[in-house]
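Labels below follow one simple rule: chain letters A, B, ... track the order of the sequence lines, proteins then strands, and each chain is numbered from 1. All heavy atoms count here, side chains included; hydrogens, waters and symmetry mates do not.
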Amino acid sequence: MNVYKPKPVSGFPEWLPEERLIEQQWMDHIRKVFESYGFCSIETPSVEELDVISAKGEVDKEIYVLERLHKEDGDSGKEARLALHFDQTVPLARYVAQHFNDLVFPFKRYQIQRVWRGERPQAGRFREFYQCDIDVINVDALPLHFDAEMPAIIWEVLSGLPGMETEKIQLRVSNRKILLGLLDDIDCDQVEVLRILDKIEKIGEQETLELLQSLSGDISGFAHVLVKLAAIKAINSGELEKKLQDINDEYILSSSSESYVKGVGDLKAILNYLSHLPEGAVVADLSIVRGLDYYTGTVYETVFTDDPGYGSICSGGRYDDLASSYINKKLPGVGISIGFSRLFDRLRQQGNFDISRKSPADILMILPDEEHRETAANAARILRKRNFNVELYHAPQKIKKQLSYAERKGIPYVWFPDLHQVKDMKRQTQAEATPEHWQPEKD
RNA sequence: GCGGCUGUAGCUCAGUGGUAGAGCUCUCGGUUGUGGUCCGAGUUGUCGUGGGUUCGAUCCCCAUCAGUCGCCCCA
């Protein structure tokens with residue numbers, strides 16, 4: 001016999017039932033918190049036309065395109081090329097533009113879907129993964145309060161996830177206007193400068209400085225100031241103010257830049273709005289700039305405090321006008337996205353999950369013999385009506401075998417319909433019970 | 001796309017120039033209807049793929065594919 005030996009497809013994760021059970025709990029929790037802030041749910045197709053994804057110009061992302069196997073040679077010119085979306089922001093922009101007249105603004109939506117990126121998989125990096133996005137989009141102008149609401153929601157979501165109890169995380173906030181404002185008068189490649197400053201935590205201040213000084217343009221004389229700025233971390237607006245002042249005293253920043261002043265002001269205001277969160281939950285970190293080019297103001301990143309190198313598990317920011325490629329309106333927005341799969345897989349590998357239950361069943365109904373099948377089925381029906389999940393064992397096999405089955409599946413209770421008794425597998429106790437009145441003991 | 005490491009049973013891995021092993025898992029049993037422990041028995045592999053060296057290769061060489069880590073980039 002020749003069998004095809006399956007191999008996992010790298011970067012396309014799948015979980016065992018016990019892990020999937022936790023994953024579903026996570027999604028339920030996330031949805032509940034999002035909805036508690038009034039966000040509504042939408043779902044967009046897995047694919048967009050390639051023209052939509054590349055509307056802003058060239059696409060340097062690793063995007064999967066879809067192709068029909070039986071496509072004929074002449075077809076290619078007629079059909080729009082389809083691509084799997086690599087984030088949920090571009091589909092959102094298209095969605096908002098398309099349904100503009102039917103939406104109520106500010107439009108607050110959440111979206112929990114898979115996205116695809118054809119990058120090389122690594123720890124915490126997949127080619128197919130879930131993102132949980134929330135965004136607020138408004139017409140013409142969007143209040144700054146929303147920039148502060150994002151981290152508050154995320155903090156509530158993340159700190160309430162099963163398995164996160166022992167994890168320390170930190171939301172880092174900055175504003176792109178701060179560094180960009182200072183770079184305005186300087187002849188340099190701004191994107192390249194930000195890209196280098198973004199690495200400061202990884203490569204250190206010294207190497208960051210050297211990289212900046214190796215750039216062409218007028219940057220080298222200014223590099224040490226930028227490094228000092230990017231190194232700033234502050235847990236509240238007072239500390240941020242002070243640290244900026246220190247640098248200003250020493251180097252006489254050209255803080256006359258309108259953009260710089262606005263960026264600092266917005267960032268301080270956000271920190272003040274978030275003062276109700278535990279200290280250190282959200283910090284200002286001026287090295288955060290984010291790679292995506294559409295962010296224009298506030299930017300977010302989230303890391304494990306003890307392992308920032310794992311990468312951001314939740315990022316986002318503010319954009320002035322995302323949908324300009326699709327509609328002739330000004331639609332500013334702010335959004336943030338939980339890297340669900342990255343976060344989930346880390347906690348899974350660390351063994352943070354209680355994976356004792358491999359089935360949603362609360363009760364295994366024993367089938368003692370064929371004569372008791374009706375009695376057993378009936379008891380199961382009554383219990384199901386009372387919102388218990390009940391599995392009726394499939395064959396009148398030895399009790400030993402049926403119990404072993406419950407044990408292996410992690411089903412916490414076993415019901416003996418002939419004896420009118422329930423066994424608590426964990427406590428190893430067995431007691432009389434009726435399907436109409438039985439209640440599990442509280443933990 | 002670039003660089004390092006790896007590729008042997010379902011899983012984790014050992015091993016030798018002369019056609020392979022351990023642990024775990026799994027299945028069954030340990031008589032009279034109550035799981036996890038323990039004991040006993042049993043199943044499992046084209047030693048990633050193709051070529052070369054050799055009397056002979058899973059072990060040496062080359063290529064290739066796949067995995068993995070780092071870079072790039074990002075959730």
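The same atom, C1', is picked in B/rG15 and in B/rG23; the two are 15 Å apart, to the nearest Å. Of the C1' atoms belonging to B/rC74 and B/rG35, the separation is 47 Å, rounded to the nearest Å. Here the separation of B/rC62 from B/rU25, taken at their C1' atoms, is 38 Å to the nearest Å. B/rU16 and B/rG56 have their C1' atoms separated by 14 Å, with the value rounded to a whole Å. Look at the P atom in both B/rC47 and B/rA57: the space between them is 13 Å, to the nearest Å. For the P atoms, the distance linking B/rU44 with B/rC72 amounts to 49 Å, nearest Å.
Using a cutoff of 4.0 Å between basic side-chain nitrogens and carboxylate oxygens, A/Glu19 and A/Arg348 are scored as salt-bridged.
Here A/Phe129 packs flat against the base of B/rA75; its ring centre is closer than 5.5 angstrom to the base's six-membered ring, tilted by less than 30 degrees.
At least one side-chain nitrogen or oxygen of A/Lys401 sits closer than 4.0 Å to the OP1 or OP2 atom of B/rC28. At B/rC73, one or more side-chain N or O atoms of A/Arg195 fall inside 4.0 Å of OP1 or OP2 (strictly under the cut-off).
The stretch residues 353-371 of chain A comes close to RNA chain B through A/Pro368, A/Asp369, each having a heavy atom under 4.0 Å from the strand. Proximity of residues 373-383 of chain A to RNA chain B (heavy atom under 4.0 angstrom from any strand atom) is not detected for any residue.
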Quick one: the dot-bracket string of RNA chain B, using Watson-Crick and G-U wobble pairs with both distances under 3.5 Å, [ ] for crossing pairs and | for bases paired to another strand.
-> (((((((..((((.......)))).(((((.......))))).....(((((.......))))))))))))....

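A/Asp369 pairs by the salt bridge (Lys or Arg N to Asp or Glu O under 4.0 Å) definition with nothing, not counting sequence neighbours. The side-chain contact (heavy atoms from CB on, under 4.5 Å) search around A/Asn389 returns A/Pro360, A/Asp362, not counting sequence neighbours. Every residue two or more places apart in sequence or in another chain that forms a side-chain contact (heavy atoms from CB on, under 4.5 Å) with A/Leu84 is listed here: A/Ser46, A/Val47, A/Tyr64, A/Leu66, A/Trp116. In this structure, the side-chain contact (heavy atoms from CB on, under 4.5 Å) partners of A/Lys177, at least two apart in sequence or on a different chain, are A/Asn175, A/Ser259, A/Lys262. Contacts of A/Gln397 classified as side-chain hydrogen bond (donor to acceptor under 3.5 Å, both in side chains), with partners at least two apart in sequence or in another chain: A/Tyr393. With sequence neighbours excluded, the residues forming a side-chain contact (heavy atoms from CB on, under 4.5 Å) with A/Ser341 are A/Phe126, A/Phe129, A/Tyr130, listed by chain and number.
Remark: C1' of B/rG35 and OH of A/Tyr413 are 16 Å apart, rounded to the nearest angstrom. The distance from atom CG of A/Asp198 to atom C1' of B/rC73 is 11 Å, rounded to the nearest whole Å.
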Decide side-chain contact (heavy atoms from CB on, under 4.5 Å) for A/Phe304 and A/Arg346; before the verdict, give the C-alpha distance in whole Å, the side-chain angles of both, and the deciding distance to 0.1 Å.
-> CA-CA 10 Å; A/Phe304 289 103; A/Arg346 164 148 176 137; 3.2 Å; yes

Please list every donor-acceptor pair under 3.5 Å in which a side-chain atom of residues 202-211 of chain A meets a protein atom from a residue at least two apart or in another chain.
unit_1	atom_1	unit_2	atom_2	d
A/Gln206	NE2	A/Glu210	OE2	3.2
A/Thr208	OG1	A/Gly204	O	2.5

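In the model, A/Tyr405 has a side-chain atom that pairs as donor or acceptor with a side-chain atom of A/Glu391 under 3.5 Å.
Annotation: ring-ring contact (aromatic ring centres under 6.0 Å, His included) contacts involving residues 359-383 of chain A, sequence neighbours excluded, are absent.
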What N/O pairs connect the protein and nucleotides 24-26 of chain B at under 3.5 Å? Give each pair on its own line.
unit_1	atom_1	unit_2	atom_2	d
B/rC26	OP1	A/Arg408	NH1	2.7

